[in-house]
Engineer: 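Please find one structure pasted underneath; my questions will follow.
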Amino acid sequence: MKASKRYILTFSLFSAGYIALGLLLLLAPDQSRQFLSIALGIAAIVAGIARIAWHFAKDDLSRAFHNDIPGGVLLVLAGIYLIARAEVLWDWLPVILGFAVVFDSMVKLQHAFDLKRTGFAHWWAVLALALATAVLGLLLVLGIFGKNILLYY
């Protein structure tokens, strides 16, 4: 199978999964929130255990100073907390994602100015989109849309 066909298949499968997840979130928001919190908690626990195990799997100094043990313990604790207190994730998720969107917008803002400097004709489009997403990120941080915006998004 050619690489382009594999990419198309992969993106199609991811798209179908995102559509299914979106429908699940829209049709059963409370159950979906609980399920996603538990799934993220389990994933964090597994990742934490793997990180701790990875530290002990190497005998040389290649893993030195990577903070695998404290990072792994932190992931395990975060996973346990997510499973025990699933509602907390949904209270803070819009704020965290809002900051991530604002940060990404600032990166795109810098890219727009770099494109202008290199003479790219449509640098202003990147600038406009960066500013628009920065505003939307700030609105997420401020909670203007309410708590369920991520489920609808």
Side-chain angles (χ1 to χ4, degrees), residues 3 6-115 125-153:
R6 279 193 307 225
Y7 290 134
I8 291 171
L9 177 64
T10 301
F11 287 126
S12 297
L13 290 174
F14 272 106
S15 296
Y18 286 140
I19 290 170
L21 181 61
L23 287 173
L24 182 66
L25 288 169
L26 283 173
L27 298 175
D30 292 333
Q31 295 85 355
S32 300
R33 289 166 84 158
Q34 185 72 21
F35 170 76
L36 287 174
S37 296
I38 291 171
L40 286 173
I42 291 170
I45 291 170
V46 169
I49 292 170
R51 192 166 176 178
I52 293 167
W54 179 253
H55 178 79
F56 291 108
K58 293 285 189 175
D59 286 339
D60 58 3
L61 290 177
S62 65
R63 300 301 301 163
F65 307 110
H66 282 212
N67 299 321
D68 290 324
I69 294 173
V73 170
L74 186 63
L75 280 170
V76 169
L77 291 174
I80 292 169
Y81 188 77
L82 275 175
I83 292 170
R85 305 267 324 267
E87 71 282 354
V88 172
L89 170 69
W90 297 99
D91 290 340
W92 283 96
L93 195 59
V95 175
I96 294 167
L97 289 177
F99 278 119
V101 168
V102 169
F103 178 79
D104 184 63
S105 299
M106 295 302 105
V107 171
K108 299 293 190 263
L109 186 71
Q110 179 179 331
H111 289 183
F113 292 126
D114 292 342
L115 288 171
V126 177
L127 175 70
L129 290 172
L131 292 174
T133 55
V135 169
L136 290 174
L138 286 173
L139 292 176
L140 268 175
V141 169
L142 297 173
I144 302 297
F145 298 116
K147 289 184 179 181
N148 286 332
I149 187 65
L150 293 177
L151 293 178
Y152 301 126
Y153 176 72

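Since we're looking at a predicted model, the values are computed, not measured.
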Engineer: So which heavy atom on Phe56 is nearest to which on Ile69, and how close?
Structural biologist: CZ-CD1, 3.6 Å
Engineer: With rounding to the nearest 0.5 angstrom, report the CZ to CG distance, Phe35 to Leu40.
Structural biologist: 9.5 Å
Engineer: Give the intermediate values and the outcome of side chain to side chain contact (heavy atoms under 4.5 Å, CB included) for residues Asp68 and Ile52.
Structural biologist: CA-CA 6 Å; Asp68 290 324; Ile52 293 167; over 6 Å; no
Engineer: How close do Gly79 and Ala44 get, heavy atom to heavy atom, and via which atoms?
Structural biologist: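 Answer, listing the atom of Gly79 first, then Ala44: CA-CB, 3.8 Å.
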Engineer: Closest heavy-atom contact between Gly72 and Arg51?
Structural biologist: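 For Gly72 and Arg51, the tightest heavy-atom pair comes out as N-CD, 4.0 Å.
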Engineer: Does Leu140 reach the side chain of Phe99, with side-chain heavy atoms less than 4.5 Å apart?
Structural biologist: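 No, too far: nothing below the 4.5 Å cut-off.
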Engineer: Quick one: are Leu82 and Ile38 in side-chain contact, heavy atoms under 4.5 Å?
Structural biologist: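 With C-beta onward as the side chain, the pair stays apart.
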Engineer: In Å and rounded to the nearest 0.5 Å, what is the CD1 to CD1 distance from Ile80 to Ile45?
Structural biologist: 5.0 Å
Engineer: Measuring from atom CG of Leu129 to atom CG of Leu136, what distance do you get when rounded to the nearest 0.5 angstrom?
Structural biologist: 10.5 Å
Engineer: For the residue pair Leu131 and Leu109, what are the closest heavy atoms and their distance?
Structural biologist: CD2-CD1, 4.0 Å
Engineer: Which heavy atom of Gly137 sits nearest to which heavy atom of Val102, and what is that distance?
Structural biologist: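 Taking every non-hydrogen atom into account, C-CG2, 3.6 Å.
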Engineer: Nearest 0.5 angstrom please: Ile8 CD1 to Ser15 OG, how far?
Structural biologist: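 Going from CD1 on Ile8 over to OG on Ser15, the span is 11.5 Å.
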Engineer: Can you tell me how far CZ of Arg85 sits from OG of Ser37, rounded to the nearest 0.5 angstrom?
Structural biologist: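 Between Ser37 OG and Arg85 CZ, I get 11.5 Å after rounding to 0.5 Å.
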Engineer: Looking at every non-hydrogen atom in both residues, tell me the closest pair between Gln34 and Ala86 and how far apart they are.
Structural biologist: OE1-CB, 3.7 Å
